[in-house]
Number of protein chains: 2
Amino acid sequence: MVSVDVIVLRFDPEARAVLVGVAPRAQEPFAGELALPGVLLGRGERLRDATTRAVTGKLGLTEESVTATGQLATFDEPSRDPRGPTLSIALWATVTRATGDLAVWTRLDAVPPLAFDHDRIVADSRPLLADKLWRDVPFTAGLLGPEFTTAQALDVTESLTGDRPYPANLGRTMDRVPGLGRTSEHAAALPKGGRPPLVWKWSSEVVRA
Amino acid sequence: MVSVDVIVLRFDPEARAVLVGVAPRAQEPFAGELALPGVLLGRGERLRDATTRAVTGKLGLTEESVTATGQLATFDEPSRDPRGPTLSIALWATVTRATGDLAVWTRLDAVPPLAFDHDRIVADSRPLLADKLWRDVPFTAGLLGPEFTTAQALDVTESLTGDRPYPANLGRTMDRVPGLGRTSEHAAALPKGGRPPLVWKWSSEVVRA
DNA sequence: CCAATAGTGTCTATCAGACATTATAAG
DNA sequence: CTTATAATGTCTGATAGACACTATTGG
């Protein structure tokens, strides 16, 4: 018995934070409690397919809203599922907002208690996710989307690593990310005033338009 | 069906290189061909236990010769096993020389063609292993043993990363590894002359004496 | 002494961290 | 002009890379 449990991440520009998608469980065990979206891996099924199946089935998102996926680690505690010993392969998925969204979105830095050993999965995975930012291009592009502002990049970095870098330093980091470049465009003016932030874009090889 | 395939590593001071333990397969498919030691994961079995089972069963080493283990990645290509779709969880194990050794030891930088998708597992895992050296303490200590010389540290680094660092620079790296320290001891004199190398040791919290 | 090996001091380039200063917007 | 936000120039300290020089052994 192998289950696939997914840490679904989305950047919310309004909340200025990275959110994790969880959902109340429909069945026992832990019925009604919040849990990471997970499915049992089918025979011969690819991990990538099981990941989108979990995201669409348990969170109600569409297949197109999944922008990137990847592996995290495997959890093998035999007592992690009260129904019997199961292996859990933890994966990440980055998604965009979609219609039919049934998920409960919680800030990555304040995930509520979850069913099974999902608290542990989230806790163990956080440093792995923080490490991917600006290093793993599909992850970073999936999370931030095809274009974004410096201010949003700061928010995402703060959500994942726990502290906010200086803008000048983050700019240097981003200049070294392959496929990412500054544009001369400025984003729309802010509601409360202030200088409009610069827009960054991925080259066409990295993200499909 | 979940199989556990292990990259078994041992440092050979005579060969001055890191070696990988493989063994000819006893059964079809791929009978007679070299392969990584692997076993099917039992129901409720821990990955760590399956790893030692593979190392002792397929390579003939003893349980005590396994000094450390850990995860690498999961391979899910459905056609990787001609008997049908299986998942392979790749793990690493560091071992010491043991009596009853049935393994074929090949240099990590010259692994011969292997059965299944094991060539791919080795290729994909190499950068992961190189990354662990001097960063993952159990891995490094398991590979080098409780004490070792600067010259051996250079050999291991060259085997894993592909190039040989300058001794002064590697010394600085090692000074920053928690639990590792220089001693004032010198190793035995070398056969061909030359200054005897310094000995490094792990503190007692890191390795059991 | 010479050949072989190892250890150490130090110069340089690069990078991460930190701020002060300047720029652009709304009210 | 004030408040709010963003961008940039630049100083400092840490680290990685490179290499010359010194040290210790066997023959």
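Chain A is the first sequence line, chain B the second, and so forth, proteins listed ahead of strands; every chain is numbered from 1. Treat the numbers as computed from the prediction; the structure is a model and nothing was measured.
In this model, a donor atom of one side chain and an acceptor atom of the other lie less than 3.5 Å apart for Arg80(A) and Thr86(A). Residues Thr157(A) and Trp134(A) bring a donor and an acceptor atom of their side chains to less than 3.5 Å of each other.
One atom, CG of Leu154(B), and another, C1' of dA6(C), lie 9 Å apart when rounded to the nearest Å. Between Gln152(B) atom CD and dT5(C) atom P there is a gap of 15 Å when expressed in whole angstrom units. Atom CZ in Arg195(A) sits about 15 Å away from atom P in dT5(D), given to the nearest Å. Between Asn169(A) atom CG and dT10(D) atom P there is a gap of 15 Å when expressed in whole angstrom units. Going from atom CG of Leu170(A) over to atom P of dC19(C) covers 17 Å, rounded to whole Å. Following rounding to the nearest Å, Leu198(A) (CG) and dA23(C) (P) show an atom-to-atom distance of 15 Å. Note: CE (Met174(A)) to P (dA6(D)) measures 12 Å, nearest angstrom. Between the CD atom of Glu185(A) and the P atom of dA7(D) there is a distance of 13 Å, given to the nearest Å.
Sparse packing is recorded around CZ of Arg97(B), with 12 or fewer heavy atoms of other residues, nucleotides or ligands lying under 6.0 Å away.
Under 4.0 angstrom from either OP1 or OP2 of dC19(C) there lies at least one side-chain N or O belonging to Tyr166(A). Considering only side-chain N and O atoms, Arg182(A) lies under 4.0 angstrom from the phosphate OP1 or OP2 of dT8(D). Contact annotation: Arg176(A) side-chain N/O to dA16(C) OP1/OP2 distance is under 4.0 Å. Between Thr150(A) and dA7(D), a side-chain N or O to OP1/OP2 separation shorter than 4.0 Å is present.
Ion pairing of Arg182(B) with Asp175(B) is present here, as a side-chain N (NZ or NE/NH1/NH2) and a carboxylate O approach within less than 4.0 Å.
Place Gly194(A) and Trp200(B) on DNA chain C by their nearest nucleotides, and Trp200(B) ends up nearer the 5' end. If you find the closest nucleotide of DNA chain D to Lys192(B) and to Pro167(A), the one lying nearer the 5' end belongs to Pro167(A).
A donor-acceptor contact shorter than 3.5 Å links the side chain of Trp202(A) to the backbone of Gly145(A).
A donor N or O paired with an acceptor N or O is found under 3.5 Å between the base of dG17(C) and the side-chain atoms of Arg172(A).
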